[in-house]
Amino acid sequence: MNRIFSGVQPTGNLHLGNYLGAIRNFVALQDDYDCVYCVVDMHAITQWQEPGELKAHTREVTAAYLAAGIDPKRCIIFNQSQVAAHAELAWIFNCVARLGWLNRMTQFKDKAGKHREAASAGLYVYPNLMAADILLYKATHVPVGEDQKQHLELTRDIAQKFNNDFGVELFPLTEPLIFGAATRVMSLRDGKNKMSKSDPSDASRINMTDDADAIAKKIRRATTDSELLPGPDILDENRRVPEAARAARPEAYNLLGIYAALSEKSVEAVLEEFAGAQFSRFKAALTELALAVLGPIGAEMRRLRDDPGAVDAVLRDGAERARAIAEPVLEEAYRAVGYLRP
Ligand code: TYM
C-alpha cells in the first residue's frame with residue numbers, strides 16, 4: 001500500500017495556512033493511504049525554543065491533528081524525538097547530500113536571513129533530517145504546502161544518490177502532494193508575504209486556537225484594496241488566476257483563495273458568487289464560513305489542552321508503532337552502508 005508521511009513543527013501559532021495547506025489534506029488522505037503524521041520537535045530546535053513551551057507546542061500540534069479529524073487508530077501520530085531512528089538516518093544523509101545541494105535551499109536563506117554565521121548548523125542540514133523522516137517509512141507521497149516543494153526535490157535526490165552509491169533499491173522516489181485552493185496562504189496584512197508562525201504581527205494570521213471574536217476582528221481588519229471583487233472573466237484558459245492579476249491585487253486573491261478552500265469550492269465558483277461585490281459583503285460571508293469551519297476545531301483543541309494525559313498517550317502509542325516500521329528500515333540502511341552489525 002502507498003504510504004503517506006508528513007509533519008508540522010511545534011513552534012507555536014499554528015495557523016490557517018498550516019490547516020488549509022497541510023493538516024486538512026492529512027485528514028482527507030487517511031481513507032486511501034497508510035498514514036504517518038509526525039510532530040517534528042527535532043526540526044523545531046533548529047531555531048531557539050523555550051523548553052517549557054516546546055512541550056506545550058508539541059501537544060498543541062497533536063491536538064490540532066486530532067481536532068481536525070485525524071484518527072489515531074488508523075494513522076500513526078507521534079513526535080519525532082521519541083523515535084531515535086530519525087536522528088540516526090539523518091546522519092547517514094548528512095554524508096550523502098552535497099553541500100552544493102544544501103546551498104540552494106531557499107528556506108535556509110529566508111530563515112537565516114542576514115545572520116547566516118549565527119544560524120545553527122542544524123538549520124543548515126534540516127533538509128537532510130526531513131529526507132530521513134520521509135524515507136524511514138519509505139513514504140511514497142508527502143502532502144505539504146507549496147513552500148516545502150524544494151525540500152521534497154532534495155529528498156528525491158538523496159534517495160537516488162543513496163540507492164546508486166550503495167547499489168540498492170532501498171528508498172522510493174517520493175512524490176509531493178500539493179493540492180487544494182490554498183497551497184500558499186498569504187498574510188492578512190500584506191498579500192505579498194506568506195502567512196507564517198513567526199510573523200511578529202498576530203493580526204497577520206488566523207491561529208487555529210483563535211476564538212470567534214479574534215477571527216471576526218482579523219478578517220474585518222484584513223488589508224484589501226479599493227476596487228470591487230473580480231469576476232470569473234479574469235481567469236485564463238486553464239481557469240486559473242493569471243499571475244499578473246494576482247500580483248496586482250494580492251490581498252483580494254488571497255482572501256478569495258481562502259474562501260474557496262474553506263468552502264471546498266473552486267476559485268471559479270467563488271468568483272462567480274462574489275463578482276462585483278464590495279469587500280464588506282465578502283468579508284461578512286468569509287467570517288461566517290471561517291467560524292463554521294474553524295470554530296469546532298479550535299474548541300476541541302482548547303478542550304485537549306486541558307487533557308495532556310490523553311494527548312501524551314496518543315503520542316506514546318504512535319511512537320511505538322512508528323519505531324516498528326522505522327527500525328528495520330534503518331537496519332537495512334546500516335547494512336547497505338557496510339556498518340558491522342551484530
Ligand atoms: P511547517 O511546520 O513550517 O508547516 C507545516 C505545513 O504547513 C504548510 N504551510 C502552509 N501551507 C499553505 N500556506 C501557508 N502560508 C503555509 N505555511 C505552512 C507547510 O508547507 C507544511 O506542509 N519542514 C516542514 C516540516 C517537516 C516535514 C517533514 C514535512 C519536517 N519533516 C517531512 C513533510 C515531510 C515544515 O517546516 O513545516
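Ligands are counted one by one from 1 in listed order, and the atoms in each one are counted from 1 as well. Start at 1 with the first residue, then count along the sequence.
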Out of [options], who gets a non-hydrogen atom closest to [atom]?
atom                    : options         : result
atom 28 (C) of ligand 1 : Q80, K149, M130 : M130
atom 14 (C) of ligand 1 : V40, V185, L16  : V185
atom 31 (N) of ligand 1 : D133, V36, I4   : D133

Within the 4.0 Å heavy-atom shell around [X], which atoms of ligand 1 are there?
X    : result
I134 : 32 (C), 34 (C)
K194 : 15 (N)
M195 : 15 (N), 17 (N)
F5   : 32 (C), 34 (C)
Q9   : 2 (O), 35 (C), 36 (O)
T183 : 11 (N), 12 (C), 13 (N)
G21  : 11 (N), 12 (C)
R184 : 12 (C), 13 (N)

Counting only N and O atoms by type, is there a donor-acceptor contact under 3.5 Å from the side chain of [X] to the main-chain atoms of [Y]?
X    : Y    : value
N163 : L170 : yes
K197 : N18  : no
Y65  : C38  : yes
T183 : G145 : no
R205 : H15  : no
R321 : C75  : yes

Can you tell me which residue and heavy atom of the protein come closest to [atom], and the distance to 0.1 Å?
atom                    : result
atom 6 (C) of ligand 1  : A22 CB, 3.6 Å
atom 33 (C) of ligand 1 : S6 OG, 3.5 Å
atom 7 (O) of ligand 1  : N18 ND2, 3.1 Å
atom 10 (C) of ligand 1 : G17 O, 3.4 Å
atom 37 (O) of ligand 1 : Q148 NE2, 3.9 Å
atom 17 (N) of ligand 1 : H15 CE1, 3.6 Å
atom 3 (O) of ligand 1  : K197 NZ, 4.0 Å
atom 22 (O) of ligand 1 : G145 N, 3.1 Å

Between [X] and [Y], is any side-chain donor less than 3.5 angstrom from a side-chain acceptor?
X    : Y   : result
Q30  : Y37 : no
N2   : D34 : no
D133 : Q80 : yes

When you compare ligand 1 with [X], is there at least one nitrogen or oxygen pair between them that comes in under 3.5 angstrom?
X    : value
V144 : no
Y126 : yes
D147 : yes
A182 : no

Query raised in the report: Centroid-to-centroid, F108 to Y124, below 6.0 Å?
Result: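 Close enough - the centres of the two rings lie under 6.0 Å apart.
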Query raised in the report: With ring centroids as reference points, do F93 and H86 lie under 6.0 angstrom apart?
Result: no
**Report entry** Parallel, tilted or perpendicular, as decided by the 30° and 60° cut-offs, for the rings of F78 and F5
**Finding:**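 Aromatic pair F5/F78 classed perpendicular.
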Query raised in the report: At a 4.0 Å cut-off, with the gap strictly under it, does some heavy atom of M186 reach an atom of ligand 1?
Result: no
**Report entry** Stepwise side chain to side chain donor-acceptor pair (under 3.5 Å) test for N79 and Q82
**Finding:** CA-CA 6 Å; N79 59 315; Q82 289 205 52; 2.8 Å; yes
Query raised in the report: Should the heavy atoms of other residues, nucleotides or ligands under 6.0 Å from NZ of K55 be counted, would the total exceed 12?
Result: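 Not more than 12 within 6.0 Å, no.
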